[in-house]
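Since the structure is predicted, the reported quantities are computational estimates derived from the model, not experimental observations.
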Amino acid sequence: MIHSSADLDAAFSAFDKEPPDALIVQPSLPIRRVAELAVRYRLPSVSFVRDFADQGGLLSYGSDEADAYRKAATYVDKILKGANAAFLPVQQPTKFELVINQRTAKALGLTVPQAMLVRADEVIE
């Protein structure tokens, strides 16, 4: 478990002994710092929040947060107009986005396949 920035630095230092092939980053971590450490330790990294790729992580793939907030606003509107929340259907994300950070890929010495770049919703140059 990571409880502080010092724990995060120690965790990455431990990767020197047995480096993983890649990292899946939880959004509860300080994502900018994790992205920096992942590049320093040459570890490909992915998260399901878009901000991770924006902050220097290799890629993100997850639900479109703006779309989720729009759907939540519809629910708030219905509840404020008297709908019983217990009877509203559960919503699942329907829109997902793939963001690839090419700068990070180059820093890691990786070549992202063209097929993946074509499918990406956004490629950060």
Side-chain angles (χ1 to χ4, degrees):
M1 294 295 293
I2 306 294
H3 299 287
S4 69
S5 292
D7 291 344
L8 191 58
D9 291 340
F12 272 87
S13 293
F15 291 151
D16 280 340
K17 297 173 188 157
E18 282 189 55
D21 293 328
L23 300 174
I24 299 174
V25 179
Q26 298 300 314
S28 60
L29 295 171
I31 58 175
R32 180 183 298 261
R33 181 71 178 135
V34 172
E36 291 168 355
L37 288 167
V39 169
R40 183 187 323 159
Y41 285 87
R42 306 192 55 74
L43 295 170
S45 55
V46 61
S47 185
F48 63 88
V49 292
R50 179 204 166 90
D51 199 35
F52 182 69
D54 291 336
Q55 297 294 324
L58 178 60
L59 66 89
S60 66
Y61 181 71
S63 61
D64 182 329
E65 289 182 43
D67 186 54
Y69 288 129
R70 278 190 292 279
K71 288 179 181 177
T74 302
Y75 267 50
V76 169
D77 180 58
K78 288 178 182 181
I79 292 167
L80 290 175
K81 289 179 178 174
N84 184 336
F87 295 110
L88 293 175
V90 173
Q91 294 283 317
Q92 294 284 337
T94 56
K95 186 176 179 189
F96 294 85
E97 62 181 356
L98 171 63
V99 180
I100 301 170
N101 190 321
Q102 275 287 73
R103 287 187 307 237
T104 300
K106 289 176 185 172
L108 295 172
L110 299 174
T111 302
V112 179
Q114 187 63 31
M116 196 168 171
L117 292 171
V118 169
R119 289 180 180 229
D121 295 287
E122 184 175 342
V123 176
I124 298 169
E125 298 290 338

Taking the side chain as every heavy atom from C-beta outward, state whether [X] and [Y] have any pair of such atoms under 4.5 Å apart.
X    : Y    : result
L117 : Q102 : yes
T74  : Q91  : no
S45  : V34  : no
L58  : L110 : yes

Looking only at non-hydrogen atoms, find the nearest pair between [X] and [Y] and report the distance.
X    : Y    : result
E125 : R103 : O-CG, 2.9 Å
I124 : D54  : CD1-OD1, 3.5 Å
Q92  : K71  : O-NZ, 3.6 Å
I31  : Q55  : CD1-CG, 4.2 Å
L8   : P30  : CD2-CG, 3.9 Å
G56  : T104 : O-OG1, 2.7 Å

Next item on the list: Taking D121 for its side chain and V99 for its backbone only, find out whether a donor-acceptor pair lies under 3.5 Å.
Entry: no

Please tabulate, for the side chains in residues 11-26, all donor-acceptor contacts under 3.5 angstrom to protein atoms that are two or more places apart in sequence or on a different chain.
{"unit_1": "S13", "atom_1": "OG", "unit_2": "D9", "atom_2": "O", "d": "3.0"}
{"unit_1": "S13", "atom_1": "OG", "unit_2": "Y41", "atom_2": "OH", "d": "3.4"}

Checklist line | Euclidean distance, N101 CG relative to K106 NZ, rounded to 0.5 Å | finding: 10.0 Å

Notebook entry, point to check: How long is the span from the CD atom in E97 to the CD atom in E122, to the nearest 0.5 Å?
Noted result: 8.0 Å

When clusters are formed by joining ILVMFWY residues with side-chain heavy atoms under 4.5 Å apart, either directly or through shared neighbours, do [X] and [Y] land in the same one?
X    : Y   : value
M116 : F52 : no
V49  : F96 : no
V112 : L98 : yes

Next item on the list: State plainly whether the residues K95 and D64 are in salt-bridge range, i.e. N to O under 4.0 Å.
Entry: yes

